[in-house]
2 protein chains.
Amino acid sequence: MAGSRRQAGRPVTPVLNRERIAQAALELVSADGTQKLTMAALARHLGVAASALYNHIGGKADLTGLLQDAVMGRVDVSALKAFREGTGTLESALADWARSYRDVFAAHPSLIPLIATLPISGAPATRRMYDVVAAALGHGGVPAQQVVPVIIAFESFLFGSAMDVHAPASIFTSQPGESDAPHFQRFVESFTATLAVTAGGTGGDGREPARDDGERNPYADAPFALGLEALIRATLKLVP
Amino acid sequence: MAGSRRQAGRPVTPVLNRERIAQAALELVSADGTQKLTMAALARHLGVAASALYNHIGGKADLTGLLQDAVMGRVDVSALKAFREGTGTLESALADWARSYRDVFAAHPSLIPLIATLPISGAPATRRMYDVVAAALGHGGVPAQQVVPVIIAFESFLFGSAMDVHAPASIFTSQPGESDAPHFQRFVESFTATLAVTAGGTGGDGREPARDDGERNPYADAPFALGLEALIRATLKLVP
DNA sequence: ACCTGAACACCGTTCAAGT
DNA sequence: ACCTGAACACCGTTCAAGT
């Protein structure tokens, strides 16, 4: 019948594997955030006892590694590959890759603090991504000793920027009277005013309520564009 | 006697306050890392029952906010203040501030993932710091609407860079034969070779063992300098 | 080999009782 | 007001027992 429970003992055909576990973990974390990603909840989502997970993964640290790789694998490196094969410019290829990188993490914001605690490129899909980036930079004429520093500088910025996409907008919502940062407050108003005009957003009066966790932070796009252009320009300057 | 336990009931003079709690939490996290920062361990460090903490702080989220502020308050903004009062250049003031920011977080690496989950400037000391930065940028001639984007771009980069300082060096230690990222591996060798020459470090053979958590990552400095210069240059370009 | 279910040592938080 | 100590609903992980 429908509610039947699986009997104890080895099932005739395996119920779990690392891929199914990673997929379920990603669904869970996307829906409910990092805090709800517990071994018990994950097991329930898979219709299984929590202890069964340990037949396939080493523990929770192993699980986060799986997640890191699953997400990094979605970053679009096709423009960088194309550039290495002679199509397009390094400038636009870097821009495409960087935007994809940030978008991927922006789509899974709750994963960021989780991944932040991990080695930056411990997992295979992550290493593969960096290999493509490195090859493109080398092909573009960036001196060999500078390739890795460039990548790490981008990484730092992209990671921080991805965090920003879902940072609460409360920074922009303090009341003028109670502000302990008057200069900052004034510039925030100048900034949100431009957004209201150019994007037609809700940032006009600077008093919108705190956003849902699933919402995007409109204030993150301009800083991202600014920093990205700065890094790309500096990278191109390294080419002799 | 020495091992005497405090009797139940209100003590004649209070044992705890928010400052003492924050200080103890910082000590704990610096010594043992974020994972060991539990309410029980913190209480033990303070010689108190765990439940006593709740008379002074709202919960663990409140505690992390306290920590964020304690750390942010150590960032040196004196160069920015001086610039606003007519001494020095915006360029060098930004560089000094950025280096201090990164150094402060590099000194408390285990705090980074913890703070990464918090609103970027929820706490008063953090807001005060941003106010000084904003005032200096405005004084330096950065257009009003661009001040906040510049700050956020710096923030993203600095935060990511601080993470990098204590990232495990395992990224640089894979064996040539088993590498699944040959291009990247080659550029890593070019990079570490320059470090071995210029810094006389231990990066010569690219096979040093994983570092202690307390050690600094020598590979983080060049990327930081590169990204910082890129951002400063882009900021100065905004000045009409 | 791969699952269940009980058990273990934790965790953050609440609350009555004490002074 | 500010502490203790017991209690609660969790957590990740281990392991014998089942097939």
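By convention in this document, chain letters (A, B, ...) are assigned in the order of the sequence lines, proteins followed by strands, and residues within each chain are numbered from 1. Hydrogens, waters and symmetry mates play no part in the numbers below; they use all other heavy atoms, side chains included.
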K.L.:
How many angstroms lie between NE2 in A:H56 and CZ in A:R18, if you round to the nearest 0.5 Å?
P.N.:
10.0 Å

K.L.:
Taking the six-membered ring of B:F184 as reference, does the cationic atom of A:R127 (NZ for Lys, CZ for Arg) lie under 6.0 Å from its centre and within 45° of its axis?
P.N.:
no

K.L.:
Could you check how far CE of B:M39 sits from P of D:dC10, rounded to whole Å?
P.N.:
19 Å

K.L.:
Rounding to an integer number of Å, can you tell me how far B:D62 CG sits from C:dT14 C1'?
P.N.:
17 Å

K.L.:
Let's see if you can work this out: which of D:dT4, C:dG5, D:dA1 has an atom nearest to the side-chain heavy atoms of B:R10?
P.N.:
D:dA1

K.L.:
Does D:dT4 have its OP1 or OP2 closer than 4.0 Å to a side-chain nitrogen or oxygen of B:R6?
P.N.:
yes

K.L.:
Under a 3.5 Å cut-off for both contacts, is C:dT14 paired Watson-Crick or G-U wobble with anything, and if yes, with which nucleotide?
P.N.:
D:dA6

K.L.:
Applying the Watson-Crick and G-U wobble criteria at under 3.5 Å, what pairs with D:dA1? Answer none if nothing qualifies.
P.N.:
C:dT19

K.L.:
Find the distance A:R44:CZ to C:dG5:P and express it as a whole number of Å.
P.N.:
15 Å

K.L.:
Please report, rounded to the nearest Å, how far the P atom of D:dT13 is from the CG atom of A:L42.
P.N.:
12 Å

K.L.:
Output the distance between atom CD1 (B:I152) and atom CG (A:L226), rounded to the nearest 0.5 Å.
P.N.:
10.5 Å

K.L.:
Expressed in angstrom and rounded to an integer, what is the separation of A:L16 atom CG from C:dC2 atom C1'?
P.N.:
9 Å

K.L.:
Closest approach to the side chain of B:T38, judged atom by atom: which nucleotide of D:dT14, C:dG12, C:dC3 is it?
P.N.:
C:dG12

K.L.:
Taking for each residue the nucleotide of DNA chain D bearing the nearest heavy atom, is the 5' side occupied by A:L37 or by B:V48?
P.N.:
B:V48

K.L.:
Are a donor atom and an acceptor atom from the side chains of B:Q23 and B:E19 found within less than 3.5 Å of each other?
P.N.:
no

K.L.:
When we call it a touch if two heavy atoms are under 4.0 Å apart, what does B:S51 touch: a base, just sugar-phosphate, or nothing?
P.N.:
base

K.L.:
Which part of the nucleic acid, if any, lies within contact of B:V15, taking any heavy atom under 4.0 Å across all strands shown: a base, the sugar-phosphate backbone alone, or nothing?
P.N.:
sugar-phosphate

K.L.:
Below 30° counts as parallel, above 60° as perpendicular, anything between as tilted: where do the rings of A:F154 and A:W97 land?
P.N.:
tilted

K.L.:
Whole-Å distance between C:dC2 C1' and A:I57 CD1?
P.N.:
14 Å

K.L.:
Is the shortest side-chain N/O distance from B:H56 to OP1 or OP2 of D:dA1 below 4.0 Å?
P.N.:
no

K.L.:
For the pair made of CG in A:L53 and C1' in D:dC11, what is the distance, rounded to whole Å?
P.N.:
14 Å

K.L.:
Taking NZ from B:K36 and P from C:dC10, how many angstroms apart are they, rounded to a whole number?
P.N.:
11 Å

